[in-house]
Protein chains: 2
Amino acid sequence: MAPSVRNRKAPGVRREEILQTATEMFGDSGYRGVSIADIAAKVGISQPGLLHHFKSKEELLIAALERRDADSSAHMDEMFHKLSIADALVSLCRHNVEDPTAMRLYAVESAESIEPGHPAREFFLRRYARVRDRVADRIRRDQELHRLPATLDPLVLATEMIAVMDGLQIQWLLDPAMDLPGHMAAYLERLVIKEDR
Amino acid sequence: MAPSVRNRKAPGVRREEILQTATEMFGDSGYRGVSIADIAAKVGISQPGLLHHFKSKEELLIAALERRDADSSAHMDEMFHKLSIADALVSLCRHNVEDPTAMRLYAVESAESIEPGHPAREFFLRRYARVRDRVADRIRRDQELHRLPATLDPLVLATEMIAVMDGLQIQWLLDPAMDLPGHMAAYLERLVIKEDR
DNA sequence: GTCTATACCCGGATAGAC
DNA sequence: GTCTATCCGGGTATAGAC
């Protein structure tokens, strides 16, 4: 066993290992489906060892969710800035499919969090509102640029676009062979105003 | 507590009570979030008393899911038969919103079942395939009747329609004030071919 | 920073009486 | 058909040593 002091690691390193493993395991089996002892074992430490870094299971979940949030938000802002909403959302799909582990975590936990009292409920409520408003802003800009029909209500359309992404993600999780960005692109292309030339 | 023999009920009655309560509680907190003892307590019997009717928790979940399936399938078939796919899906939304308890169960459990090894995974995989094929059939018929553009792939479009319904349901569960049938109708109306007159 | 030991609670399922 | 009692496994979190 030799669990000597030599197992020790620098502050940030172990924390990062735990977050990565938690992302994988929560994404596979959901918050309630995994014990912190399972996660600790995979990292190679004991369960109290893990709780030294995150004082509760709930805190670990939120930390795992927030870990990629800045990165993902940044990508979204960048795409929203230089592309039309349609192209930006397809780009986002492609980006997500490249990191299936993070995508699974978000999809599984957002689904799980529709239960009242779920630890991540507040996190996702805030996130939905934020994303919907940002998408709606981008829709308004595209309407001014005559890329989208001005008759559509930006908030209603934003809600719909997010619904399509979420719904397609659910089906992608059941069958990862499906072409997620392709389906998203097909939906969006029917929406945009074609340039006459 | 006088738990006398008088607490006994006729065969089918107790079973139905248990299924109704399980539908509510699984829909509120998910399969893993509720214990069969919780359900038994709400029904007014003991936990082994409940297990007399359903030999395991898993069997109870599947029974609760299948209970409304025949009814819901029948409604779907009826609507699909006499209405266009667009009108049928909006009608289905309205029907669902009228029975929020059953809708919550389906939404929460289908979300939970994206985890490999979840007890209801097989149930929902089969259900998705069945529903998608039925929707695709109805799309083909509407294309022949020139109600939908013939250029669209029926299976791709069916996948998309189901994604929109699922995605809107998720947002409706987070905020039940939202107009689910209205959003669905707005999406579908952009799709159908307007009659020139 | 990590461990062992442990306290404490909860869950599903079974045995057997009434 | 329903109960009490019980088995057994597992979960989170804490105390305290190294």
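In what follows, chains are A, B, ... by sequence order, proteins preceding strands, each numbered from 1.
Here the P atom of nucleotide C/dA13 and the CD1 atom of B/Ile39 are 12 Å apart, to the nearest Å. C/dT14 atom C1' lies 16 Å from atom CD of B/Glu59, rounded to whole Å. What separates NE2 of B/His53 from P of D/dC3 is a distance of 9 Å, to the nearest Å. Taking atom CG of residue A/Leu50 and atom P of nucleotide C/dT4, one finds them 14 Å apart after rounding to whole Å. Rounded to whole Å, atom P of C/dT4 lies 12 Å from atom CD1 of A/Ile45. Computed from coordinates, the B/His52 NE2 to C/dA17 C1' distance equals 15 Å when rounded to whole Å. With rounding to whole Å, B/Leu61 atom CG is found 15 Å from C/dG12 atom C1'.
At a cut-off of 3.5 Å, with distance as the only test, a side-chain donor of B/Gln20 or B/Glu24 sits close to an acceptor on the other residue.
In terms of phosphate contacts, B/Ser46 brings no side-chain nitrogen or oxygen within less than 4.0 Å of OP1 or OP2 of D/dT2. Side-chain N/O atoms of A/Arg15 include none lying less than 4.0 angstrom from OP1 or OP2 on C/dG1. Distances shown here put a side-chain N or O of A/Arg14 below 4.0 Å from the OP1 or OP2 atom of C/dT2.
Considering only heavy atoms from C-beta on, A/Arg127 stays 4.5 Å or farther from A/Ser110 through its side chain. A/Ser84 places none of its side-chain heavy atoms less than 4.5 Å from the side chain of A/Val192.
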Dot-bracket encoding of pairs in DNA chain C, which uses [ ] for pseudoknotted crossings and | for another strand, Watson-Crick or G-U under 3.5 angstrom: ||||||||||||||||||

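Annotation: ring-ring contact (aromatic ring centres under 6.0 Å, His included) contacts of B/Phe26 (sequence neighbours excluded): B/Tyr31. For A/His95, the ring-ring contact (aromatic ring centres under 6.0 Å, His included) partners are A/His75, not counting sequence neighbours. By the side chain to side chain donor-acceptor pair (under 3.5 Å) test, B/Ser35 is found to be paired with B/Asp38, residues two or more places apart in sequence or in another chain being considered.
For the pair B/Glu144 and B/Arg141, the salt-bridge criterion is not met [side-chain N within less than 4.0 Å of a carboxylate O]. With respect to the salt-bridge test (charged N to carboxylate O, under 4.0 angstrom), the residues B/Arg134 and B/Asp137 do not qualify. Using a 4.0 Å cut-off between charged nitrogen and carboxylate oxygen, B/Asp69 and B/Arg130 count as a salt-bridge pair.
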Check the pair A/Arg94 / A/Glu98 against salt bridge (charged side-chain N to carboxylate O under 4.0 Å, His left out), numbers first and verdict last. CA-CA 6 Å; A/Arg94 272 197 267 270; A/Glu98 273 166 33; over 6 Å; no

Criterion side chain to side chain contact (heavy atoms under 4.5 Å, CB included) on B/Tyr106 and B/Gln169, from CA distance to verdict: CA-CA 10 Å; B/Tyr106 268 83; B/Gln169 274 185 29; 5.8 Å; no

Tabulate protein N/O versus nucleotide N/O from nucleotides 9-12 of chain D, keeping only pairs under 3.5 Å, one per line.
unit_1, atom_1, unit_2, atom_2, d
D/dT12, OP1, A/Lys57, NZ, 3.0
D/dT12, OP2, A/Ile36, N, 3.2

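Within residues 110-117 of chain B, no residue has any heavy atom closer than 4.0 Å to DNA chain C.
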